[in-house]
Amino acid sequence: MRLQLPKTLSLPSQLPVRAIGPAAFGLAAVLSIAAASWTAGVVERRSAEGVEQALVTAGHNWTEVATDGLQVTLSGTAPTEAARFRALSVAGTIVDADRLVDAMEVAAADALKAPDFTIEILRNGDGISLIGLVPQGPEHEQIVESLTELAGEGAVTDMLESADHPVPSGWQAAVRFGIDALEDLPRSKISISATEVAVTAISDSAAEKARLESDLRRKAPRGLQLTLDISAPRPVITPFTLRFLIDGDGARFDACSADNDRARERILAAATDAGATGKIACTIGLGVPTPAWAEAVTMGLAAMKEIGAGSITYSDADISLIAAETVDPAVFDKVVGELESNLPEVFSLHAVLTPKAETTEGTTGPKEFVAKLDAEGRLEMRGRLGDDLSREAVESFARARFGTASVHAATRLDPEMPAGWPLRVLTAIEALGELESGEVTVQPGIIRLSGVTGSTTASDTVARILSDKLGETQQYDLDIRYDEKLDPLLGLPTAEECVADINGFLTAHKINFEPGAAQITRDAADTLDKIAERMKDCADFEMEIGGHTDSQGREEMNLDLSQKRAEAVIAALMSRRVLTGNLTAVGYGETVPIADNGTDAGREANRRIEVRLIEPEATAETANGETDNAAAEEPSEVAVQTPGPDTVRPKPRPSE
């Protein structure tokens, strides 16, 4: 092997021979060190590149790789301890674990996030089921206890879990609202969180849906997001009934049913063509006997237009056409013949031309039965019944329907009453019970019923009862007037009306207390009963029960006494089964006089209880973003007695 020396290491020409050996050994050592250093550098680079590539491929981009000889140092901040361990494992697949130096850090663990507390409540005919996560504590048992009482005989399936974390703001109010909402929703699902309550439910009618939505929105706690999905399925109508008549008062429906929107449009158009005017109602429901319902009804209405006077009644597939006695027999025969020939096969027609009345002198009075129902719910019955058994059955049914103390019977017996008379009388009383007040007269040829109702569907219901119990051939005349003041869905009082009514009771009859004490005197019982009765329709409104005293005694003592008296009134209302969650007791002491404390009469007037409506306070933003307290709304006062303009009033405390 020939060794070629670098120029920089060339030997001097005059190097002694004996120095050549040591120089050669020194040169070889230098070359060995250089080769080892080069080899180590290659190994370092390749190790670093291999480890870096493996870590990046595994998604550990947060790592940094450094080499020192054969050692590979991993540094950087791992998001978790598990990520640090995985990075070491990946690097260990490239180089020996003994060569790895762990210089990685682990990011500080964030505080554990509080879980999302939620409850899903499902209620149906079988009971109530609930699932979700609630804060640890007694609230879990309280929720189950409330739902168990609500479920009655139904089962409560409890699948709630609990966690020991702080209760989020708004959680308890949302839970109370959700459980309260469940009381009026026997078929529903309610999802509850601290910020939102979602209600999915089925109501019995469109009117019931509107009432439920209005009530829930009014009761929802301030700041809670409320999502409503309440459906109103079509009612099941049985029998499927329609009755149209033309008489001296014009053309109109006593009852109208349709199976879909298109059918209703066809029926209403035919009724209008037959002479009906104004707003015409027709209920869309389930239970139609045949898809050809609208076709058969429009044919019948066209026949009524041609006849000109009488009635046509549909009870499922049975049709009864009764023409008035004034109708020309030839016209009657022609119209009935055409109708019979063209009706769909499933329908059966019974047509009658009313014979002209014969005038006969009766010596025993008319054969009729009359029942009158007044606005107070009292029923008076007079007229004729066939025998003692019939009279006992009629009076027992009436007492069961209207109450024993509300029925007065003055009937007489007539053994010559027509067949089926007891059934007609019982059916007439049942139909009368659908009204708020009215009168029904049963005669051998016809039943006449008139009165007032607070239900828009009462006429349909009455017609259905008469047709179902007595058959579609029964002649009857209905004159039922709807009064929205009697409608329970429309007659609920406003907040202002509630406060005004209650203060009216308090003005007419004061609530008195024992001298110097918070004990209510016995003579206030009737007043409290009236207030409690009104409060049951006003429980959704936040109201303040304010206590006031005269100026005798120390101011601090009067303030404390007035507070205790206001609290005593709320306790008395609670004992009368009034929901008092929206009532707040506030004692004003002697600060709000309404009369002169220098006289006995003035002091008597100043010792009082007043009710005030609490409305949400609104704050105004000033130009610099600060709250302007002067712009906040004070609770509105709707009271018969109002304080003078110069008095100072303590600010009412918000209800809990």
Residue set satisfying salt bridge (charged side-chain N to carboxylate O under 4.0 Å, His left out) with R243, at least two apart, ordered chain then number -> D254

Residues pairing under salt bridge (charged side-chain N to carboxylate O under 4.0 Å, His left out) where one sits in residues 501-512, two or more places apart or in two chains, turn out to be D501-R534, K510-E604

Residue set satisfying side-chain hydrogen bond (donor to acceptor under 3.5 Å, both in side chains) with H140, at least two apart, ordered chain then number -> D158

Taken in chain and number order and not counting sequence neighbours, the residues that satisfy side-chain hydrogen bond (donor to acceptor under 3.5 Å, both in side chains) with D316 are none

Residue pairs meeting ring-ring contact (aromatic ring centres under 6.0 Å, His included), one or both in residues 202-244, sequence neighbours left out, come to F240-W293, F244-F253

Applying side-chain hydrogen bond (donor to acceptor under 3.5 Å, both in side chains) to K189 and not counting sequence neighbours gives none

Applying side-chain hydrogen bond (donor to acceptor under 3.5 Å, both in side chains) to D261 and not counting sequence neighbours gives R264

Sorted by chain and residue number, the side chain to side chain contact (heavy atoms under 4.5 Å, CB included) partners of T157 (sequence neighbours excluded) come out as S129, M159

Quick note, salt bridge (charged side-chain N to carboxylate O under 4.0 Å, His left out) partners involving residues 520-529, not counting sequence neighbours, are D529-R576

Contacts satisfying salt bridge (charged side-chain N to carboxylate O under 4.0 Å, His left out) that involve residues 127-152 (not counting sequence neighbours) are none

Check: After noting the C-alpha distance and the side-chain angles of E610 and R608, does the key distance pass the salt bridge (charged side-chain N to carboxylate O under 4.0 Å, His left out) rule?
Finding: CA-CA 7 Å; E610 286 182 352; R608 68 197 188 278; 2.8 Å; yes

Salt bridge (charged side-chain N to carboxylate O under 4.0 Å, His left out) filter on R378, not counting sequence neighbours, yields D374

Residue set satisfying salt bridge (charged side-chain N to carboxylate O under 4.0 Å, His left out) with R401, at least two apart, ordered chain then number -> none

